[in-house]
Amino acid sequence: MTTFKFTESVKMSVRSIASNKGRSFLTALGVMIGVAAVITLVALGNGTQKSVEQSLESLGSNLLILYSGETKGTSLVRRNTSNIKPSLTEEDLEFLNSLSPALITVSAPESSDSGQIKFGNKNTVGTVIGTNLNYPEVRNFYPIYGSFFSENDLAARKPAAVIGARIYKDLFEDGMDPVGQKIRINGVGFTVTGIMEEKGSSSSDTSIFIPMSTFQKYISGSDMYALINIQASDPDTMRELQTHIENEILRLHKLPNMDAADFYIANQLDLLNTLQGVTSTFTLLLGSIAAISLLVGGIGIMNIMLVAVTERTREIGIRMALGAKSSDILSQFLTEAIILSVGGGLIGIFLGITTAIGANRFGGMASSISINSVFLAFGFSVVTGLFFGGYPAYQASKLDPIEALRYE
Amino acid sequence: MIKIKNISRHYQMGPNTVKAIDDLTLNIAEGEFVSIVGPSGSGKSTLMNIIGCLDSPSSGKYTLAGEEVAGLSRNRLAGIRNKYIGFVFQSFNLLGRESAVENVELPLIYAGIPPKERRVRAMEILKRVELDGREFHQPNELSGGQRQRVAIARALAVNPKILLADEPTGALDTKTGAQIMALFRELQSEGVTLIMVTHDPDVASQAKRIVQVRDGKILVDVPVEEWNR
Ligand SMILES: Nc1ncnc2c1ncn2[C@@H]1O[C@H](COP(=O)(O)OP(=O)(O)O)[C@@H](O)[C@H]1O
Ligand SMILES: [Mg+2]
């Protein structure tokens with residue numbers, strides 16, 4: 001197509017589109033909605049994936065969790081461990097601590113139980129977690145006010161407690177300094193040493209951290225740990241480290257193999273991979289739903305273009321009689337379809353981006369606009385115009401001039 | 001200019017073959033003004049379409065300005081129509097959404113004339129058919145005679161050698177019809193070859209030569225003086 005023909009086709013198409021504004025808009029609407037849906041849904045899928053990854057990373061990096069119990073699984077999210085018989089010992093922890101810093105940065109034992117928390121006449125429920133001083137580092141979870149309990153608290157089994165952000169809100173007046181205040185956990189008096197930062201997840205924010213020794217004395221009455229958090233030094237060797245720890249703990253527990261094990265290890269990488277798999281499937285699914293609506297939009301264009309060709313049969317005949325070649329007619333109708341679908345696509349991109357941003361800003365949904373999806377949607381709308389406009393345009397170009405002139 | 005030798009045009013209608021043109025031979029020289037007359041269904045329009053390269057004969061030879069037309073591709077035929085032939089139809093066949101001047105520009109678009117030159121030429125031709133002042137009117141804002149003059153202007157836009165008019169006055173009253181015929185005579189005096197189909201004997205006798213067809217064959221082919229006798 002020469003530039004001359006191209007500009008003429010564009011002029012004719014713009015006139016024809018403008019002369020039938022309502023119908024042109026409805027025709028382009030399908031593509032508009034399709035493109036907007038692709039961009040919005042992919043943005044929401046991506047956003048969910050990113051926020052899941054972020055919250056996983058906020059658990060701490062290179063995390064391995066050694067759990068009591070034989071259930072295999074990859075859950076890194078704290079479960080209620082109170083009904084699983086704790087099987088991890090101080091000996092296990094000492095073994096982990098004896099490993100080279102090239103393998104393990106830090107590890108922290110953890111046992112938990114739900115507890116009734118009271119301050120004055122206020123009352124709430126939380127998860128009481130016994131642990132040691134390494135916990136903030138391994139879980140990447142630090143006090144924001146006051147301090148974590150001390151070495152001395154741990155050694156002397158003191159009733160010291162660091163409270164989660166929600167617990168603080170539930171028990172204390174806004175702005176009140178809780179440090180040094182006495183709260184009651186299941187009836188036992190504890191002195192508050194600090195408030196943990198807000199994580200946004202209720203399991204973290206309703207926790208109360210107390211020294212492991214104190215937990216064993218007042219709450220569990222056992223010297224076993226429910227789990228041990230382990231921070232690996234090198235993400236690339238986490239799997240080897242996991243196997244090494246499994247073998248050593250089996251030996252310490254005098255067990256033959258992992259089938260008989262009373263513990264298991266969850267690996268942050270495995271979880272990340274699983275979740276990434278799930279969320280990318282989710283994104284793909286949303287993307288395909290959107291692509292189907294784009295397809296429907298394309299069929300809408302074809303439908304209207306076929307109607308337009310029929311309606312304008314006489315016009316086509318006149319143009320042919322005056323010397324229009326088949327290619328002139330083809331390019332006229334094809335250009336019209338492409339302008340409709342690309343125009344719809346551009347408006348759809350604008351709508352999609354606006355919706356994705358709006359869903360995030362006003363709907364609180366995680367959304368992350370993917371440039372690829374914008375290009376993909378745009379490309380798709382060009383192809384839609386070419387493909388679904390191509391057939392009607394071809395039909396128009398193949399009309400017999402005499403038949404077309406005679407058409408009423 | 002036009003050399004038609006033993007052409008036929010057949011339509012297959014189910015089991016029957018309709019011979020719209022049946023072994024017809026006709027020569028028309030450059031600058032002639034010919035009326036084609038005959039009863040309805042006698043093949044006048046089919047003949048015009050073949051002469052105008054809108055249709056191809058089923059058999060026979062058609063030479064236009066020295067070029068054998070039968071067997072040319074659709075694209076070549078479109079080129080010939082654009083360059084050599086102007087059509088005027090009974091029902092005007094203007095594009096309703098375009099103004100008079102835009103309608104006149106249509107063949108110039110397909111001739112590849114740039115927009116500015118197109119506009120200048122279209123305005124000139126509209127002036128020539130005495131439609132200055134009406135250039136930007138849409139067809140539905142014009143009278144029948146004015147519409148037909150727009151159609152004639154459009155047919156003349158590319159300076160065609162041949163003007164084909166299929167019942168050009170059929171939709172007009174006698175007075176406007178006479179104006180159109182005056183315009184045709186003027187065009188003929190300028191050297192345009194004019195071929196016109198008509199039912200009206202008065203209109204037909206405005207030409208210099210009368211061809212009467214029946215059942216796809218030529219019955220009579222005489223100068224107008226002889227016809228009037
Ligand atoms: N497309 C067609 N299909 C079938 N028959 C046709 C077609 N066009 C014309 N005919 C037939 O050819 C004959 C000549 O038609 P036409 O040239 O239109 O006659 P006229 O213009 O003299 O009235 C008629 O019998 C008509 O029915
Ligand atoms: Mg006819």
Side-chain angles (χ1 to χ4, degrees), chain A residues 1-24 307-336 393-408, chain B residues 9 11 20 45-50 52-56 73-99 102-115 117-118 138-139 150-151 153-158 160 164 166:
Chain A
M1 197 166 24
T2 62
T3 34
F4 175 79
K5 271 193 179 179
F6 179 71
T7 40
E8 292 305 330
S9 299
V10 170
K11 272 195 222 165
M12 284 179 207
S13 306
V14 168
R15 302 186 55 148
S16 142
I17 288 167
S19 73
N20 218 330
K21 290 193 187 67
R23 184 158 93 183
S24 302
V307 171
V309 168
T310 309
E311 275 181 356
R312 286 156 67 186
T313 298
R314 206 182 170 88
E315 171 189 332
I316 295 165
I318 294 169
R319 288 180 185 275
M320 284 177 163
L322 297 176
K325 296 182 165 64
S326 292
S327 59
D328 295 322
I329 302 296
L330 184 84
S331 70
Q332 180 186 345
F333 283 91
L334 195 56
T335 308
E336 194 168 322
Y394 177 78
Q395 297 268 300
S397 77
K398 285 291 163 259
L399 284 174
D400 177 52
I402 301 166
E403 299 288 332
L405 275 171
R406 228 202 305 257
Y407 186 85
E408 288 302 328
Chain B
R9 178 68 170 98
Y11 291 107
S45 294
T46 307
L47 179 60
M48 290 291 265
N49 289 338
I50 289 173
C53 295
L54 274 171
D55 198 0
S56 303
S73 70
R74 278 180 65 130
N75 272 354
R76 285 282 293 123
L77 291 177
I80 291 174
R81 288 198 293 274
N82 185 244
K83 209 162 142 200
Y84 292 110
I85 297 169
F87 287 98
V88 176
F89 305 90
Q90 175 175 1
S91 51
F92 321 132
N93 276 338
L94 299 175
L95 295 190
R97 292 193 307 238
E98 319 251 313
S99 65
E102 284 162 348
N103 266 286
V104 177
E105 283 180 39
L106 279 175
L108 299 170
I109 293 179
Y110 298 116
I113 313 278
E117 192 185 335
R118 233 152 55 197
Q138 304 243 314
V150 174
R154 184 178 68 184
L156 294 174
V158 285
L164 299 176
D166 196 343

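Chain identifiers are assigned alphabetically (A, B, ...) following the order of the sequence lines, protein sequences preceding nucleic acid strands; residue numbering begins at 1 within each chain. All of these numbers come straight from a predicted model, not from anything done at the bench.
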Residue [X] versus chain A: region with a heavy atom under 4.5 Å:
X: B:L164; answer: neither
X: B:R154; answer: side chain
X: B:I85; answer: neither
X: B:P115; answer: side chain
X: B:R97; answer: both

_Distance, nearest 0.5 Å, that separates CZ of A:R23 from CD1 of A:I17_ = 11.5 Å
*Drop me the distance from A:L405's CG to A:M320's CE, to the nearest 0.5 angstrom.*
9.5 Å
*Under the side-chain hydrogen bond (donor to acceptor under 3.5 Å, both in side chains) criterion, do A:R314 and B:S91 qualify, and how do the steps go?*
CA-CA 11 Å; A:R314 206 182 170 88; B:S91 51; 2.9 Å; yes
_Closest contact, heavy atoms only, A:P401 versus B:L54_ = CB-CD2, 3.5 Å
*Identify which of A:A324, A:S326, A:G317 forms the greatest number of heavy-atom pairs closer than 4.5 Å to chain B.*
A:A324
_Determine whether A:S13 and A:T335 satisfy the following criterion, side-chain hydrogen bond (donor to acceptor under 3.5 Å, both in side chains), listing intermediate values before the conclusion._
CA-CA 6 Å; A:S13 306; A:T335 308; 4.6 Å; no
Heavy-atom cut-off 4.5 Å, strictly under: side chain, backbone, both or neither for [X] against chain B?
X: A:S16; value: both
X: A:E315; value: both
X: A:R312; value: side chain

*Is B:E102 salt-bridged to A:K11, cutoff N-O under 4.0 Å?*
no
*Before accepting this row, confirm whether a basic side-chain N of the pair B:D55/B:R9 lies closer than 4.0 Å to the acidic partner's carboxylate O.*
yes
*Given the options B:N82, B:N49, B:N93, which has more heavy-atom pairs under 4.5 Å with chain A than any of the others?*
B:N93
